[in-house]
Amino acid sequence: MFNHLVPNAASYSGEVDWLFWLITVIVGVWFIAAEAMFLWLIFRFRARPGVPAQYVTGKEPHLKRWINIPHFLILICDVIIIIAAVRVWVHIKQTLPPPDLIVRVTGEQWSWTFADPGPDGLIDTADDVRTTDELHLMVGKTYHFKLESKDVLHSFFVPAFRLKQDAIPGRTYTGWFKTQQKGTFDILCAEICGLGHGVMGAKLVVEDPPQHAAWLQAHAHDADMAAMNNPPADSTSTPATPAAAGAR
Amino acid sequence: MSQPTTTHDHHGPAAAHGAHHEPNWFLKYFYSTDHKIIAFQYMFTGMALALVGAFMAYVFRMQLAFPGASVPGFGVVSPGQYNALITNHGSIMIFWVAMPVLIAGFGNYLIPLMIGADDMVFPKINRLSYQLFFLSAVVLIASLFVQNGGFGGAWTAYPPLSANKAYNLTPWGASMWVLAVALEFVAFLLGGINFIVTSMNSRTKGMKAFDVPIVIWNIVIASILFMASVGPLIAGAVMLLFDQLLGTSFFNPNRGGDPILWQHLFWFFGHPEVYVVMLPAIGIVAEVITVFSRKKLFAYRTVIYTIIATGVLSFFVWAHHQFVAGIDPRMANVFTVTTVLISIPIAEMLFVYIATLYGGSITFTTPMLWALAFIAEFLIGGVTGIYLGASGLDIYFHDTYFVVAHFHYTFFPIAIIAVFSGVTYWFPKMFGRMMNETWGKIHFWGTIVTFNAIFIPLFYLGAAGEHRRIFDYHSFPSLATPELQAIRIVATVSLLVMLAFQPIFLVNFIGSMFRGKKAGKNPWKANTLEWTADSPPPHGNWPLDQMPEVHRGPYEYSVPGREKDYWPQNEPA
Amino acid sequence: MSSSTKTIATTRSAMGLPTGRLAVWWVLVSEIVIFGGVLVSYIMNRVGHAEWAEEASHTNTWAGAFNTLVLLSSSLSAVLAHKAASQGNGKKAAGLLRLTCVGGLIFLIVKSFEWTHEIREGFTIQAGGFWSYYYTAAGLHAFHVIAGMMVMLWVANTAAKNEDLHRVENVGIYWHFVDLVWIFLFPLLYIAK
Ligand code: HEA
Ligand code: HEA
Ligand code: CUA
Ligand SMILES: [Cu+2]
């Protein structure tokens, strides 16, 4: 749909767009038909002197058709929409293709922190590279992301991937995506999470493996920096670590 | 509780209506048990709060269009204030505008008049209901002015944000918000019992269930939906309040609680709630289009069955608000099926309305214009719901402006368009005078055109990935483009124009109360019973010996072989 | 006097049911979903938290059982009150209603001893998930017991004057409901360990 609006940066973005167009066509036809009929009737049966209204009970078979046939046609359309929607859903949310790499994504008031597996390609090892508000990925790789939250609900939203998932404190959610386009994209937080919700976002950079390696190199010293969290500039009035304050 | 006897003793109803001493104005307008006065109390409170909600929309839309600039009449909007404004805008518009005006306002006014009764069955409970409602409104408004400001966790109030003051930073605002909502629910439970029992039990002689006008059916079914769905959320509100104030751990994940539980309790109510406000609106439209096309409703029983089907289905769709909230993904499939299927009864209902126009003789009075606009606009809101109900697509659209546009295309037709239709239609009955048609039409066109100009752009913004509840998009490069900002400005400017048209309505409304042409009993030549009472109806509605009796259904217009093109329900055959 | 606001609407009965009774049934519908919300939430959580069983073992099953008995017998006197009222014996109905209230009072007294004991032991409402539900569900129920008692005393007063005797039945229906809720709460909070 939104190719010109938002790039198609994950393998399944196109499926979501396709679903959008399918629904647009189906409901669009109905919508236009209904509005056209509606406007025509308004025009055709406007009050004219000497023309009384007809007495129609709605039981006349030739008229009742106009309600009954659409009833079944809509049912058919519904089934098509449901099947298409469930297929896309199952592919994105209910399947987990084997990953090339695993990253950790953690939301907290009000920033995203990420853990990249680092040069060894394994997550939760000493060489993990932790970053705040910036996620670097390699193009053409299948990733699993482990999504967590430290305090309230957040929602990991990557428009270019057509991906969204809420982060829930106390739980870890595992999802997947496969990158397919290089570039810089936005990561947003789509669940209201307090004062700084309006500034909570991060940069997503999808790059070639060599560039990624270079980036890892440059950020090797960032390992274990995740604990440091810099609240956005305009939230100075709040406790530095609301999470800690809340957990007390 | 009251007396179920069938005879009137000497201090019974007769005494109430025969009472000739004029009560003083305070007792008459503020402490009355007359259903019409209570209806006005609800309506006027609702309208006043509509202005508050509209003011909030004005402030935060200005902030969105011109981030950081000082908003005339408010000042600079801080992030905390922005959150509080949208939260309370949503809460007010749904709970303190749509509910009181549509259900309590029209319900109170119309039920006794349309079923030929003198009042509600429990007038005192009715008054208590309004008083509680008023109190809840006071608590809500007060919550905006307490220390640290109003609650800013969205009208859905998801914990842990809403439950823990260390997260939301508004200890007072959050608790008062929950309290206000809970009080409002209790008020509507009391009102609902009255609506249901009155319409079930107090129909006048001869009025069978299928002689009851659609709008009454709808208000009753809406009340039943409300009563059957709000319980868990009342319990949830108590639990949330305890989490906030007593340190319980219902929703606290750090201590074994479950934040998602709240979402289930909220949406188990929240989704039926949207149909709770939709049904009365749809009912109003049914009354108006039949009268002004001089037509029998195309399929009366079908409409009632579709309402019931919608009501029943609405209990099984709630998790479509939670597709990506961390529920079991398999559950999403079930809820996609139920959600998309709800299009069938609603489409059928709308098609019956459209078919009603067939063969009609349509006059374009102000109420009719509003009613027709309702159908045209609501269709947009309805079909965009299907995009969201499709789970695969909702991954992208959830919590974007596409959702915002969807529900304004449903709510605005319901809470504003249908209400304007109902108010302009029953105004002659309520105040005994006609409203000005010319000004009514100017107001109509000014509002409808700008309405579309506000919300169509929001679909586009949503498609571009713009997420909700953001006070300023400058932090997100893909959303901070000049192109998208220009669209935001279009929406805001359209809102300003829409607001500029509203004084026309207010002046017309208040002016016509005193200056309008005298209306007479039945200015629209309608069939239903309220038009057989005086305009405005006195306390008790009809003289005791002239309570109407019913001989036919409510929509017998243009019956062949009759001189008049209407046939009032009470006219003997 | 109250009958000055009594309306014709109140005296009609298009459904063939007395208005008051119809209303009480609808009140119960809304009450059922309120308690349903709490109980379903509790059960879902309880299933997910095996450790709650240990917390639940600190409740006093005997006190709970005794209270169940008290409430059941008070429902019996409510039935008898209805019977007396339908025979037109307002005095007797009033007396039986007051007896029902005494049942409610005993229930509350036992409850308060129980709670004091538990709070002393450190099982406050903040002590954990189970205790949050325990106090909230039972507290909500106790609130209904108190409300029911107040209405009952008021009805007893009018009934003693042989007025509005139909109310005796309506308040009785409500009391049975309060009783029934406890029948659900007792096993869920006390016995399931
Ligand atoms: C009264 C208000 C109202 C009404 C009537 C509706 C009606 C519908 N809504 Fe909407 N909705 C809201 C108010 C309303 N909604 C609100 C307030 C929210 C957001 C809450 C928040 O998060 O703050 C919301 C959010 C919302 C979501 C969650 C979005 C998200 O947050 O991710 C979904 C998802 O399924 C949804 C679906 C639907 C559907 C399927 C209908 C259906 O009832 C629509 C049925 C009607 C039609 C389909 C049109 C007529 C049919 C035809 C013309 C035939 C052709 C159609 C087909 C072939 C299918 N709505
Ligand atoms: C009935 C419901 C209703 C109504 C009518 C409106 C009306 C409007 N809404 Fe609102 N809105 C919500 C319900 C409603 N809204 C909800 C539930 C939310 C979600 C909140 C959340 O996220 O938590 C929301 C959120 C919301 C947002 C998203 C904010 C964000 O996420 O950051 C925006 C943004 O533009 C917006 C704009 C508007 C505008 C411009 C109007 C304009 O149409 C307003 C114009 C007002 C009038 C024209 C009123 C005129 C009244 C009179 C003249 C008096 C007479 C009155 C009667 C006869 C009743 N609304
Ligand atoms: Cu984090 Cu919004
Ligand atoms: Cu919904």
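Since the model is a prediction, treat every value here as computed from it, not as a measurement. Throughout, a chain's letter reflects where its sequence line sits, starting with A, and its residues are numbered from 1.
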**Student:** Looking at C:Ser30, C:Gly129, C:Gly37, which makes the most heavy-atom pairs under 4.5 Å with chain B?
**Tutor:**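 Maximum pair count with chain B is reached by C:Ser30.
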**Student:** Flag the pair B:His551 / B:Asp211 as yes when at least one side-chain heavy-atom distance between them is below 4.5 Å, and no otherwise.
**Tutor:**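 A side-chain contact is absent here, since even the closest heavy-atom pair is not under 4.5 Å.
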**Student:** Most heavy-atom pairs under 4.5 angstrom with chain C, which of B:Arg203, B:Lys208, B:Met239?
**Tutor:**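 The residue among B:Arg203, B:Lys208, B:Met239 with the greatest pair count is B:Arg203.
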**Student:** Show your reasoning for whether side chain to side chain donor-acceptor pair (under 3.5 Å) applies to C:Trp175 and C:Thr100.
**Tutor:** CA-CA 9 Å; C:Trp175 192 256; C:Thr100 313; 5.8 Å; no
**Student:** Can you classify the ring geometry of B:Phe269 versus B:Phe266 as parallel (below 30°), tilted (30 to 60°) or perpendicular (above 60°)?
**Tutor:**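 Ring orientation, 0 to 90° scale: perpendicular.
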**Student:** Counting heavy-atom pairs under 4.5 Å to chain C, which of B:Gly236, B:Ser229, B:Ala228, B:Gly257 comes out on top?
**Tutor:**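 Ranked by heavy-atom pairs under 4.5 Å with chain C, first place is B:Ala228.
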**Student:** Please determine, by modelled atom types, if C:Tyr134 and C:Glu55 share a side-chain donor-acceptor pair under 3.5 angstrom.
**Tutor:**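 No, because no side-chain N or O of C:Tyr134 sits under 3.5 Å from a partner of the opposite role on C:Glu55.
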**Student:** Select, from B:Leu261, B:Thr198, B:Leu190, B:Asn194, the one with the greatest count of heavy-atom pairs under 4.5 Å involving chain C.
**Tutor:**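 Highest number of pairs under 4.5 Å: B:Leu261.
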**Student:** C:Phe186 and C:His141: ring pair (Phe, Tyr, Trp, His ring centres under 6.0 Å), yes or no, with the steps?
**Tutor:** CA-CA 11 Å; C:Phe186 174 58; C:His141 175 258; over 10 Å; no
**Student:** Relative to chain B, which segment of C:Phe130 carries a heavy atom at a distance below 4.5 Å: side chain, backbone, both, or neither?
**Tutor:**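 Neither the backbone nor the side chain of C:Phe130 comes within 4.5 Å of chain B.
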**Student:** Using a cut-off of under 4.5 Å on heavy-atom pairs, state which of C:Ile125, C:Val171, C:Val38 scores highest against chain B.
**Tutor:**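 When all of C:Ile125, C:Val171, C:Val38 are compared, C:Ile125 has the most.
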**Student:** Highest number of heavy-atom pairs under 4.5 Å with chain C: which of B:Met120, B:His264, B:Met207, B:Lys205?
**Tutor:**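 Of B:Met120, B:His264, B:Met207, B:Lys205, B:Met120 has the most heavy-atom pairs under 4.5 Å with chain C.
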**Student:** Could you have a look at C:Thr136, C:Val40, C:Val155 and say which one has the most heavy-atom pairs with chain B under 4.5 angstrom?
**Tutor:**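 Counting heavy-atom pairs under 4.5 Å, the top option is C:Thr136.
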**Student:** Does atom CE of B:Met331 have more than 12 heavy-atom neighbours from other groups under 6.0 Å away?
**Tutor:**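 Buried by this count: over 12 neighbours within 6.0 Å.
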**Student:** Can you tell me which portion of B:Met547 sits under 4.5 Å from chain C's heavy atoms? Options are side chain, backbone, both or neither.
**Tutor:**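 Just its side chain gets close to chain C.
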**Student:** Under 4.5 Å, counting heavy-atom pairs only, tell me which of B:Val197, B:Asp34, B:Val238, B:Leu189 racks up the most with chain C.
**Tutor:**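 Heavy-atom pairs under 4.5 Å are most numerous for B:Val197.
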**Student:** Under 4.5 Å heavy-atom distance to chain C, tell me which part of B:Ile115 shows up: side chain, backbone, both or neither.
**Tutor:**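 Only the backbone of B:Ile115 comes within 4.5 Å of chain C.
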**Student:** Against C:Trp131, only a single residue in C:Trp115, C:Phe123, C:Tyr42, C:Trp52 fulfils ring pair (Phe, Tyr, Trp, His ring centres under 6.0 Å); can you say which?
**Tutor:**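 Exactly one candidate clears the test, C:Phe123.
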**Student:** Quick one about C:Arg98 and C:Asn157 (side-chain donor to acceptor, distance below 3.5 Å, no hydrogens or angles considered), yes or no?
**Tutor:**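 C:Arg98 and C:Asn157 do have a side-chain donor-acceptor pair below 3.5 Å.
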